[in-house]
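These notes concern the structure reproduced below.
Quick note: numbers below take in every heavy atom, side chains included, and nothing from hydrogens, waters or symmetry partners.
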Amino acid sequence: MTEPILTVDGLCVDYVVGAGRFRALDDVSFTIEPGRVLGIVGETGCGKSTLAHAIPRLLPEPPARVRKGRVVFQGTDLLPLPRGRLPSIRGTGIGMIFQEPLNSLNPSFRVFEQLAEAVRVRRLRESVPGARGAPVEPGPFDYTRRPLESPAEALSRPIRPGGPVGEALARPAPVSREVRDEVLEYLRLVRINDPETILRLYPHELSGGMRQRIMIAMALSEKPALLIADEPTSALDVTIQAQVLTLMKELIEEVRASILFISHDLGVIAETADDLGVMYAGHLVEVGPVAEVFDRPRHPYTRALLRAAPSRYKSDGPLDTIPGSVPNLSHLPAGCTFHPRCPIARPVCAVDPGPPLAARAPSPGTGRVHASACHFPEEVSGR
Amino acid sequence: MGRSPTDLVLFVGKRLLMLIPVVFGVMAITFFFTHVAVQNPCVVWYPHAKPATIATCIRTFGLDQPLPVQFYRYLTNLLAGNWGTSPLGVPVLPTLAADVPATLELVLASLALMVLIGIPLGVLAARSNGRLGDHLVRIFYLSGWATPTYLGAVIAAILVAPALGLPSSGEYSSIPPPFPQVTHMSVVDALLAGNLPYTLDAIDHLALPAALLAFINMGIATRVTRSAMLEVLPLDYVKSARMKGLGEFVVLYKHALRNALITTTTVLGVTAGGLLSGTVVIEEVFAWPGIGAYAFNAITESNFPGAIGVVIVFAIGVVVANLIADITYGLLDPKVEWR
């Protein structure tokens, strides 16, 4: 088994607002192996976005507070890192695409400036002495050779004053012509037909779909080892959603990056992800290969979610709904958080939260782990 | 509509045309107020004069004419470049031409301090929102805000000046300086003459009044920057800047501040117009040969032409400061179209 790119281990995140404490993430554990796409689904407010933000330490603290857990990225636990070291992890290490393309580009700068910045950051790091491999330009499609220093190497370097600023001052700026060419290359990569024109525009002069493509280009241009896509299509119109999704799918094929793909849309996940994690009220309740989870869900929430989703196989009658409502994160039910809404709940469910996901062995069929936090997974998949 | 240079020129032209009604209105109001408030200024000017002298004075200045006639005369003279004379016969326009630049120098210097110190303090405060840094910054700018100008000026002149070894009076240590005062801005004149010792001397003289003026008005820049930054910092584009792997300095001062400055600029523009007329006390205490001192004297001496001239200059100052703020705003925000 290959070394995972990312291991999230027992991550607990609270939001502390006044005297209230909301458990946004409770004991979330999973791994992402190189080149695999892990999809995370769940209802609004189940902690998906908190998870996406917690990994690269983007959560505003306060009100968020990481209570415990580890986020090990390429062998380095990110949570105890001093803030000053985080920029060296972000961008080339972990890239991110946000939910709202309308807000995620800076309104004051032209598209070129924002993309060039990302390219320059990567080029700067590639030119750092001691980086692995020769700084040969592999082109955006080749993710196999990555002449980037690992976070461990980045961390072992002596700190220069001002971090990236100091670095920028210390070495000559990369040739602007090359940066420009590379920016154009990435715009073409995200299927923008007229990149020369787009470069000169401001974000407000672009459509939502266009902006999301630029965000994708921006994240990819740093050749991140791990890409986090936080609902990249949710804020777009349905037609644009389909276009961006197709693009994402093609790019996932092309770049073979490791991706954490967060969505509330099961269909999107089914088309893009290799593995699927299902979240409910801050808990990861089931993880496994996408096809297996879809065919044989091992948690009652997953099964209910699948039945509630519109599908072309079910066109008659109303969709199923899940009885009850999502619990208040400040007063989670004891035991399994899903038990008040669960059709197969028994007395033990109200007391014992269920087996930890990490403790599950790989399934004999595929060799991959398909784990459920339910006490009675067989009963779910049997029905 | 648009953002081409032509649009900008049209925009500036239109705004400058708006100066005409503003200045006329301000001038008319001041004219009638002064002339109605003091019916017979000759008595004020020459309190112990014989009635015959007073009569001569009234005739000389045309005060026996109906008010509209006096206004018409004043207006035509004003347009011809004759802004009248003080009771002692000193012409108003040349005096203003010498005094306004000195005040402008003081205002620009303190504005520069407000921008260079006040804005970074606002960023610092937003960064440490609710924590120690935020409170320290608030204590600093609130103590400036709460300082009455007369008290601050006196403390600065008699306590701070000797402690720092800074001069607290005038523009130069020895006057008149051995070079022509072309612009009437002390530092600029010394620089133009290439006289380094005098330049440094002028900066020394400028330092304390400018710092005090900045200290008193700093709060507005810091406060507005702080709240604008607090609005901007949670936005997604700040997160995406962080996720590019940019350092905190670039994230704060390039990506966040660039957008927060749009608010700060507007407020600073309004403040700058006000600063022009807010220097009276500081100029008095520091013997700064600016328009503030002149305005004060013009009013107490019933020097009508002087007072109206000062008000006209203030009005122009406010309009131009706002215009500059609007242009800067447009340069900062690409969504603005020049209209």
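Closest of all the heavy-atom pairs between B/Leu332 and A/Ser108 is O-OG, 3.8 Å.
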Q: With side-chain contact (heavy atoms from CB on, under 4.5 Å) as the test, would you mind laying out the steps for B/Lys254 and A/Glu113 before giving the verdict?
A: CA-CA 12 Å; B/Lys254 181 176 174 184; A/Glu113 173 58 20; 2.4 Å; yes

- Message: Using side-chain contact (heavy atoms from CB on, under 4.5 Å), reason through B/Lys239 and A/Met96 one step at a time and then give a plain yes or no.
- Response: CA-CA 9 Å; B/Lys239 286 190 219 158; A/Met96 192 153 170; over 6 Å; no

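Atom CE of residue B/Met243 and atom CZ of residue A/Phe98 lie 6.0 Å apart, to the nearest 0.5 angstrom. Atom OG of B/Ser240 sits about 9.5 Å away from atom CG of A/Leu58, to the nearest 0.5 Å. Rounded to the nearest 0.5 Å, atoms CG (B/Asp333) and NE2 (A/His204) are 8.0 Å apart. B/Lys244 NZ to A/Leu115 CG: the interatomic distance, rounded to the nearest 0.5 Å, is 7.0 Å.
Checked for salt-bridge contact, A/Glu205 and B/Lys335 miss the test: no charged N lies under 4.0 Å from a carboxylate O.
Residues A/Gln114 and B/His255 have side chains that never bring a donor and an acceptor to within less than 3.5 angstrom of each other.
For the pair B/Tyr237/A/Leu105, no side-chain contact is recorded, criterion being any heavy-atom separation below 4.5 Å from C-beta on. Here the side chains of A/Glu117 and B/Val250 are in contact, with some heavy-atom distance below 4.5 Å.
The candidate from A/Ser104, A/Pro203, A/Gly95, A/Pro56 with the greatest count of non-hydrogen atom pairs under 4.5 Å with chain B is A/Ser104. Considering only heavy-atom pairs separated by less than 4.5 Å from chain B, the leading option among A/Asn106, A/Ile228, A/Leu86 is A/Asn106. Highest contact tally toward chain B, considering only A/Met215, A/Gln99, A/Met218, is held by A/Met218 [criterion: heavy-atom pairs under 4.5 Å].
For B/Arg242, the CZ atom is densely surrounded, since the number of other residues' heavy atoms within 6.0 Å is greater than 12.
For chain B, the nearby parts of A/Pro107 are the backbone and the side chain; heavy atoms of each come within less than 4.5 Å. For B/Leu233, no part sits under 4.5 Å from any heavy atom of chain A, backbone or side chain.
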